[in-house]
There are 2 protein chains.
Amino acid sequence: MRNPTLHDVARAAGVSYSTADRVLNRRGGVAEKSVLRVQRAIQDLGYQRDIQAANLSRRRSYVFRFYLPQGDHGFFSVLRQAVERQAQQQQADRVSISIHDVPPLDADALAATLLRIGPDDCDCVGVVGSDSESLITAVRRLNDMGIGVVMLVSDAAPEARSLYVGINNVVAGRTAGSLLRLAHGRGTGRILPILGKLDSRDHRDRLWGLTEVLAEQGGRLQQLPPIEVLDRPETMRDKLEAALSATPEITGIYSIGAGNRALIHILRRMSGQRPLVILHELTSHSRSALEAGLIDAVIDQKPQEEVAVAIGAMKAIADNLPVSVNDVIPTIYIKENLPEPNQS
Amino acid sequence: MRNPTLHDVARAAGVSYSTADRVLNRRGGVAEKSVLRVQRAIQDLGYQRDIQAANLSRRRSYVFRFYLPQGDHGFFSVLRQAVERQAQQQQADRVSISIHDVPPLDADALAATLLRIGPDDCDCVGVVGSDSESLITAVRRLNDMGIGVVMLVSDAAPEARSLYVGINNVVAGRTAGSLLRLAHGRGTGRILPILGKLDSRDHRDRLWGLTEVLAEQGGRLQQLPPIEVLDRPETMRDKLEAALSATPEITGIYSIGAGNRALIHILRRMSGQRPLVILHELTSHSRSALEAGLIDAVIDQKPQEEVAVAIGAMKAIADNLPVSVNDVIPTIYIKENLPEPNQS
DNA sequence: AGCATTCTGACAGACGTCTGTCTTTTTCTT
DNA sequence: AAGAAAAAGACAGACGTCTGTCAGAATGCT
């Protein structure tokens with residue numbers, strides 16, 4: 001019944017514990033034939049090293065760092081809370097997680113911070129990716145030092161980072177498009193995409209997903225030229241109001257990026273029939289807008305789950321185990337299936 | 001840096017390790033004032049017992065059993081796979097999980113099986129709940145023996161089981177209703193609910209959720225009398241075709257229970273405009289129907305996640321720790337945001 | 001055969017906790 | 001103040017693994 005121990009393996013292989021250990025931990029100095037016998041015994045018994053006992057003995061603890069954009073509201077604060085919560089829970093499992101602030105929307109500053117990490121500072125870092133040469137350099141350096149890098153939310157430096165944990169943004173855009181299509185029934189409509197900035201990869205991908213799906217409708221749903229609001233409330237207000245008065249027949253809005261507070265504000269004081277609205281990320285604002293019926297759906301990447309997946313993967317990376325993770329699937333929230341506020 | 005050990009606590013409290021241990025593990029025979037000092041030291045240092053070392057020392061391993069309905073297709077096979085997968089992963093963490101077959105839809109047989117469990121057979125069991133006196137009795141017995149019982153998918157015996165892990169079915173019904181409403185835009189429509197059997201609690205709840213939401217629409221969406229198909233394909237075919245010809249203006253179908261293969265089959269050979277269709281649980285059949293555009297949305301309870309939550313909770317229950325779990329939120333799948341087939 | 005080299009085995013101390021036993025100290029009882 | 005009872009301390013062996021050291025055995029080479 002009990003799982004076999006390395007002693008059992010040694011006995012089965014007809015060697016001493018020391019030899020089995022030398023094989024298991026690749027210490028070398030073992031004759032080829034003994035190596036084979038031990039490996040066979042491991043196979044036969046289905047031996048799996050007790051990682052907990054091993055970690056105990058090694059005094060190993062996993063040290064992970066998350067570099068997250070500052071900001072006390074919106075998506076990144078939700079993400080931060082998710083990390084804090086996991087940090088708390090994982091503390092009991094020899095995982096120590098620290099969060100480090102970085103200026104938002106500043107890939108160079110992030111890269112500079114990453115460059116100051118020493119080889120023994122941590123086992124793995126989690127960062128929010130963005131397109132930037134300096135970031136790629138910094139990630140490559142970490143990788144060369146043997147520190148794993150997990151990209152969160154938005155991918156970057158795919159050849160240097162260890163893993164990306166986040167949604168596929170084309171899929172997210174397609175999901176939004178498909179919901180808009182569903183909500184239009186068999187009618188026609190005009191969809192206005194709103195985005196933060198076009199030079200952000202994830203925004204481009206989402207827009208592309210939307211475009212794909214709308215194109216499949218054979219012109220029934222027309223995609224209007226996107227407006228770019230640079231995450232600034234005034235820009236959002238000005239450009240959105242301009243768009244709405246220029247094209248009154250807008251039937252749907254897909255807000256691709258952040259800055260939804262201003263959007264919600266405008267929706268609230270809109271008279272008459274409002275368009276369908278889909279936006280990203282469940283935050284306190286989007287939640288209350290959903291509850292109030294000001295918007296129709298939120299596409300969320302479930303930061304809580306995302307962080308849990310990331311940390312699980314970080315452990316595997318630190319242990320040099322094969323990393324296999326489920327994709328993070330964009331979730332659709334409507335008014336009815338919102339989670340409890342204190343949760344994910 | 002290092003987490004404090006019980007030795008540290010003992011030193012801080014000015015007592016011996018033995019005494020600190022007696023307090024921590026409630027062995028008794030310690031003077032009140034020493035108890036207090038130790039407790040204060042635990043507080044002050046933020047001591048958390050190293051469960052892994054403790055389990056190692058205690059030779060403790062968690063033994064959980066899942067009693068799942070037989071059946072090699074449909075939802076329960078997905079659930080079973082999820083359990084098997086978790087069992088595999090958790091094996092490394094001193095968790096041994098076994099799956100036991102029970103006849104489907106037979107609460108008495110399940111109860112009889114549960115009655116044969118002895119006090120030392122396992123720490124916790126997971127079962128699929130259903131309304132049944134005999135089940136309640138069996139669960140209460142397990143509880144009295146100190147074996148935790150986690151209800152999966154469908155709740156039962158709330159006063160005797162340890163925990164329910166599954167979706168809120170009223171919420172699921174509301175979600176379906178809300179999607180149907182969204183898809184009807186501002187138009188009117190008639191919704192046909194299809195259910196397995198009305199005496200199943202979760203089906204009643206889902207139907208109720210639907211009814212609630214449709215009622216909030218002020219008659220724009222009319223709910224037709226539900227048809228009851230008892231999970232039998234022929235019944236589904238006969239009753240559904242009867243309903244469709246009696247009420248041609250059906251614009252939406254909400255399939256509340258299982259037996260969706262027959263439904264999909266009928267949809268496939270339906271000519272003209274098909275109604276909107278929402279059904280439950282992502283299985284190979286519903287997935288391919290979604291991909292083929294035969295149905296519009298699937299409401300899923302994410303069995304993989306559900307099982308993970310359940311096992312986590314079982315550990316906490318076995319350790320007598322406070323159990324806090326996130327609700328399982330019904331997820332909306334549309335064609336665009338389906339996960340990879342081999343995943344959740 | 002003698003010697004160097006490689007391989008193997010034995011052992012001990014650690015990691016943090018559990019548990020049992022035994023002794024010593026403190027406190028209470030009369 | 002003496003004895004009983006309660007409380008505290010000391011200690012050892014375990015769990016499964018890691019790591020280092022050292023001695024002994026097997027093998028290779030001349």
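Below, chains carry the letters A, B, ... as their sequence lines are ordered, and counting in each starts from 1. This is a predicted model, so every value here is computed, not measured.
Judged by distance alone, with hydrogens and angles left aside, B:R94 brings no side-chain donor or acceptor close enough to the base of D:dG16 to form a pair under 3.5 Å. Evaluation of atom-type donor-acceptor distances gives no pair under 3.5 Å for the side chain of B:T19 against the base of D:dA8.
The CG atom of A:N55 sits 10 Å away from the C1' atom of D:dT17 (whole-angstrom rounding). The distance between atom CG of A:D93 and atom P of C:dT17, rounded to the nearest whole Å, is 14 Å. Going from atom CZ of B:R60 over to atom P of D:dA14 covers 22 Å, rounded to whole Å. Following rounding to the nearest Å, B:I51 (CD1) and C:dG16 (C1') show an atom-to-atom distance of 13 Å. Rounded to an integer number of Å, the gap from A:L6 CG to D:dC15 P is 14 Å. Between the CG atom of A:L56 and the P atom of C:dC18 there is a distance of 12 Å, given to the nearest Å. Taking atom CZ on A:R27 and atom P on D:dT17, their separation rounds to 13 Å, with Å as the unit. Atom NZ of B:K33 is separated from atom P of D:dA6 by 16 Å (rounded to the nearest Å).
Nearest to the side-chain atoms of A:S18 among the listed nucleotides C:dT19, D:dA8, C:dC11 stands C:dC11. Comparing D:dC18, D:dA10, D:dA14 by their nearest atom to the side chain of A:A54 picks out D:dC18. Between D:dC18, D:dA8, C:dC18, one nucleotide has an atom nearer to the side chain of A:Y17 than all others, and that is D:dC18. Each of C:dC11, D:dG16, C:dC18 was ranked by its minimum atom distance to the side chain of B:R49; first place goes to C:dC18. Closest to the side chain of B:R59, out of D:dC18, D:dC15, D:dA10, is D:dC15.
Salt-bridge check for A:D101 with A:R80: passed, with a basic side-chain N closer than 4.0 Å to an acidic carboxylate O. Between B:R11 and B:D8, at least one side-chain N (NZ, or NE/NH1/NH2) sits under 4.0 Å from a carboxylate O, which counts as a salt bridge. Ionic pairing of B:D44 and B:R40 is present here: one or more N-O contacts between side-chain nitrogen and carboxylate oxygen are shorter than 4.0 angstrom.
Screening B:R26, B:R49, B:R27 for a salt bridge (charged side-chain N to carboxylate O under 4.0 Å, His left out) involving B:D21 leaves a single residue, B:R27.
Side-chain nitrogen and oxygen atoms of B:S16 include at least one within less than 4.0 Å of the OP1 or OP2 phosphate oxygen of D:dG9. In this structure, A:N25 reaches the D:dC18 phosphate: one of its side-chain N or O atoms is under 4.0 Å from OP1 or OP2. Between A:Y47 and D:dG16, a side-chain N or O to OP1/OP2 separation shorter than 4.0 Å is absent.
By the neighbour-count criterion of 12 heavy atoms within 6.0 Å, atom CD of B:E159 is densely surrounded, having more than that number from other residues, nucleotides or ligands.
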